[in-house]
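What follows is one structure encoded as structure tokens, with my remarks underneath.
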Amino acid sequence: MKNKVLVLLILLSTFLGFCQDIKKTTDLVNNNLTIKNPETTSLTVALDKVVEGIGPTGLSSFGIASKDRISEEEQKAYPKMKNIPDSLTNIKEYLFILNDFQFYYQNYKQGIYSKDFFLKKSINNKINLKDTIFLSDKKIKNTISIVAGYTPNNTIVYIIDSNNNDDYSDDEPRTLLSKLNKQDDILDNAIAVDIEYFDGTAIKKDKQLIGVEKSRSDEDLSLMFRFPQFRYGKIQLGNDSYLIISESYNREQSIYLVKDQPYFDRLDRKYKITPSQYLKIEDNYIEYNPISQNLSKIKLTVSPNESENKTTPTTNQVGMIAPNISGINILNDEMISLKKLKGKYVFLDFWSTTCIPCIMEFPKIKEVFDKFSPKNIEIIGIVDVRGKTDIKEFITDKNVSWSTIDDKNPQTIIKGYSINSYPTTYLIDPNGKIIATDLRGDELNNKLELLKVAKK
């Protein structure tokens, strides 16, 4: 079987003309791969097709704080913008950082940010400092500057620094729109901005499509940002053709692997693969890791030794074994462990005390908690406590009656989950395998009903 996997990878490389980095001695005879001295085999794959349109995550938008809400210390690395029109009033300025880790790291290395500040941002953003090897200490233009304000006739306009020269004089004001839901309108509203990225060896130039819309909040100049652009490569795996897809704005550096067929809706998050997770091909697992920061190049790796072992990998990915979680239940001070719950379904809910959507999910989770038998399902909340919150009082006030552990408690073990956003959820089956993620609202109840989980 290991030969079959490696043949699939070679076919993949040949099919696309991709760069091949084979770290073993091989003979290729009549399209069959003969292995000598097997070690690790890896391929560099190019996601070289860029598409303007709605990507695999659907109609996603992002909000950030305006500059007046950013600390003076953080603004030390912000560009000093020139030529904001004098005719605009009630001005709000924004800086969208496309790659937080690279931005904070390069400014730390250049002496703009202190070491303490860099470490603080790394902890808050749950960044692994070992990953600095994938960054450049040189300045990379990976931000987009936007200013918004009122014209004399009381129209809200915004300006994007499209050539990233820190000067608005050569950019045109645009009317701020809201509730854009059609792809053509979203694309017509978007602007291509000159940016840079690090490809692992050098700084390269690129274009990032960004659209600006009015937030649905009551604040007039609260903006939301969209990135209607994605890239992909087409690969051949055995008899099937697949697409590897990545969003252009992609904090997790995730990809999607799906069969090459028409799609007319966003892809289910179960197809999402983050760095060091696996593409499953038949009974074999191929590890994915990014090479370039914009995912124009990625690496797929297969270990022949691992391919002989059919044990399912342990990683926070649908179809894989869930990494262990253990910690002290805030409600009763008892130790709980995912390992000890084997034989039951387990729902994991990663949330934060500052995450309003997380807290809004509690009534739906409680419905499930009160409905299904604890002999068949357990619920564990893993909370990111912010500020001086009395977490036991907080969850009691929110009517949380299921087990909850504090992710910052020294006795908490959550290694292997790499949570980048809240809420993030996982449903684990009685064998310890992840079977669903991102269940919201009634989806958890519906899933448990379909699984015929026993009720109280």
Aromatic ring proximity, centroids under 6.0 angstrom, Tyr417 and Phe350: yes
Steps toward side-chain hydrogen bond (donor to acceptor under 3.5 Å, both in side chains) verdict (Gln102, Gln293): CA-CA 9 Å; Gln102 175 63 51; Gln293 290 178 349; 2.8 Å; yes
Member of Tyr249, Phe103, Tyr78 meeting the ring-ring contact (aromatic ring centres under 6.0 Å, His included) criterion with Phe96: Tyr249
Phe117 and Tyr113 aromatic ring geometry - parallel, tilted or perpendicular at 30°/60° bounds: tilted
Within-4.5 Å side-chain heavy-atom neighbours: Phe118 and Ser122: yes
Greater than 12 external heavy atoms within 6.0 Å of Lys340's NZ: no
Shortest non-hydrogen contact between Tyr256 and Asp268, atoms and distance: CE2-O, 3.8 Å
Short side-chain to backbone donor-acceptor contact, Ser61 and Arg226, under 3.5 Å: no
Test side-chain contact (heavy atoms from CB on, under 4.5 Å) applied to Thr155 and Thr175, step by step: CA-CA 7 Å; Thr155 299; Thr175 301; 4.1 Å; yes
Flag for Thr301-Asn289: side-chain donor and acceptor within less than 3.5 Å: no
Check: Gln208/Ser248 side-chain N/O donor and acceptor closer than 3.5 Å: yes
Between Asp442 and Asn445: side-chain donor-acceptor atoms closer than 3.5 Å: no
Lys/Arg-Asp/Glu bridge criterion (N-O < 4.0 Å) met for Lys109, Asp137: no
Within 6.0 Å of CZ in Arg266, more than 12 heavy atoms from elsewhere: no
Arg251 bridged to Asp100 by N-O distance under 4.0 Å: yes
Over all atoms of both residues, closest heavy-atom pair of Ser296 and Tyr197: OG-OH, 3.7 Å
Nearest-0.5 Å distance that lies between atom CD1 in Ile330 and atom CD1 in Ile395: 5.0 Å
Ion pair Lys120/Asp116, N-O distance below 4.0 Å: no
Residues Lys207 and Asp194 bridged, charged N to O under 4.0 Å: yes
side-chain hydrogen bond (donor to acceptor under 3.5 Å, both in side chains) between Asn83 and Asp167, worked out: CA-CA 6 Å; Asn83 294 309; Asp167 189 339; 2.9 Å; yes
Steps toward side-chain hydrogen bond (donor to acceptor under 3.5 Å, both in side chains) verdict (Asp407, Thr412): CA-CA 6 Å; Asp407 73 352; Thr412 296; over 6 Å; no
No-hydrogen, no-angle side-chain donor-acceptor test under 3.5 Å, Asp199 and Thr201: yes
Residue pair Lys234, Asp260: steps toward the side-chain contact (heavy atoms from CB on, under 4.5 Å) verdict: CA-CA 8 Å; Lys234 185 180 290 190; Asp260 182 13; 3.1 Å; yes
Non-hydrogen atoms of Pro374 and Glu378 that approach each other most closely: O-OE2, 3.7 Å
Crowding at CD, Gln261 (>12 non-hydrogen neighbours, <6.0 Å): yes
Heavy-atom check, side chain of Asp131 versus side chain of Phe101, under 4.5 Å: yes
Stepwise salt bridge (charged side-chain N to carboxylate O under 4.0 Å, His left out) test for Glu196 and Lys204: CA-CA 5 Å; Glu196 297 174 337; Lys204 299 293 183 68; over 6 Å; no
Closest contact, heavy atoms only, Pro173 versus Ile159: CA-CG1, 3.8 Å
Neighbour count >12 (heavy atoms, 6.0 Å) for atom CE, Met360: no
Side-chain heavy-atom pair Ile210, Val193 within 4.5 angstrom cut-off: yes
Whether over 12 other heavy atoms sit under 6.0 Å from Asn153 CG: yes
OG on Ser276 to CD on Glu287, rounded to 0.5 Å: 5.0 Å
Note, Thr143 side chain near Ile195 side chain (heavy atom, < 4.5 Å): no
Distance-only polar pair, side chains of Thr57 and Glu247, donor-acceptor under 3.5 Å: yes
Check: Asn316/Tyr426 side-chain N/O donor and acceptor closer than 3.5 Å: yes
Residue pair Glu393 / Thr396, side-chain donor-acceptor N/O under 3.5 Å: no
Distance (rounded to the nearest 0.5 Å) between Ile273 CD1 and Tyr278 OH: 12.0 Å
Atom of Ile359, atom of Thr353 and distance for their closest heavy-atom approach: CD1-O, 3.9 Å
Glu361/Asp349 under side-chain contact (heavy atoms from CB on, under 4.5 Å): CA gap, chis, key distance, verdict: CA-CA 10 Å; Glu361 290 290 325; Asp349 177 31; 5.8 Å; no
Shortest non-hydrogen contact from Ile255 toward Leu295: CG2-CD1, 4.2 Å
Cationic N near anionic O, under 4.0 Å, Glu443 to Lys364: no
Whether over 12 other heavy atoms sit under 6.0 Å from Phe62 CZ: yes
CD1 on Ile146 to CZ on Arg174, rounded to 0.5 Å: 12.5 Å
Spacing of CG belonging to Leu338 relative to CG belonging to Leu348, to within rounding of 0.5 Å: 6.0 Å
Within the 6.0 Å centroid threshold, strictly below: Trp351 and Phe362: yes
Atom NZ of Lys139 with >12 non-hydrogen neighbours under 6.0 angstrom: no
Distance-only side-chain donor-acceptor flag, Asn294 / Asp206, under 3.5 Å: yes
Basic-acidic side-chain contact under 4.0 Å: Lys272, Glu252: yes
Test salt bridge (charged side-chain N to carboxylate O under 4.0 Å, His left out) applied to Asp166 and Lys82, step by step: CA-CA 6 Å; Asp166 303 339; Lys82 302 174 184 176; over 6 Å; no
Spacing of CG belonging to Leu427 relative to OG1 belonging to Thr437, to within rounding of 0.5 Å: 10.0 Å
CA sep, side-chain torsions, deciding dist, call: Val157, Leu88, side-chain contact (heavy atoms from CB on, under 4.5 Å): CA-CA 9 Å; Val157 299; Leu88 296 183; 3.6 Å; yes
Full working for side-chain hydrogen bond (donor to acceptor under 3.5 Å, both in side chains) between Ser352 and Asp384: CA-CA 4 Å; Ser352 176; Asp384 167 54; 3.0 Å; yes
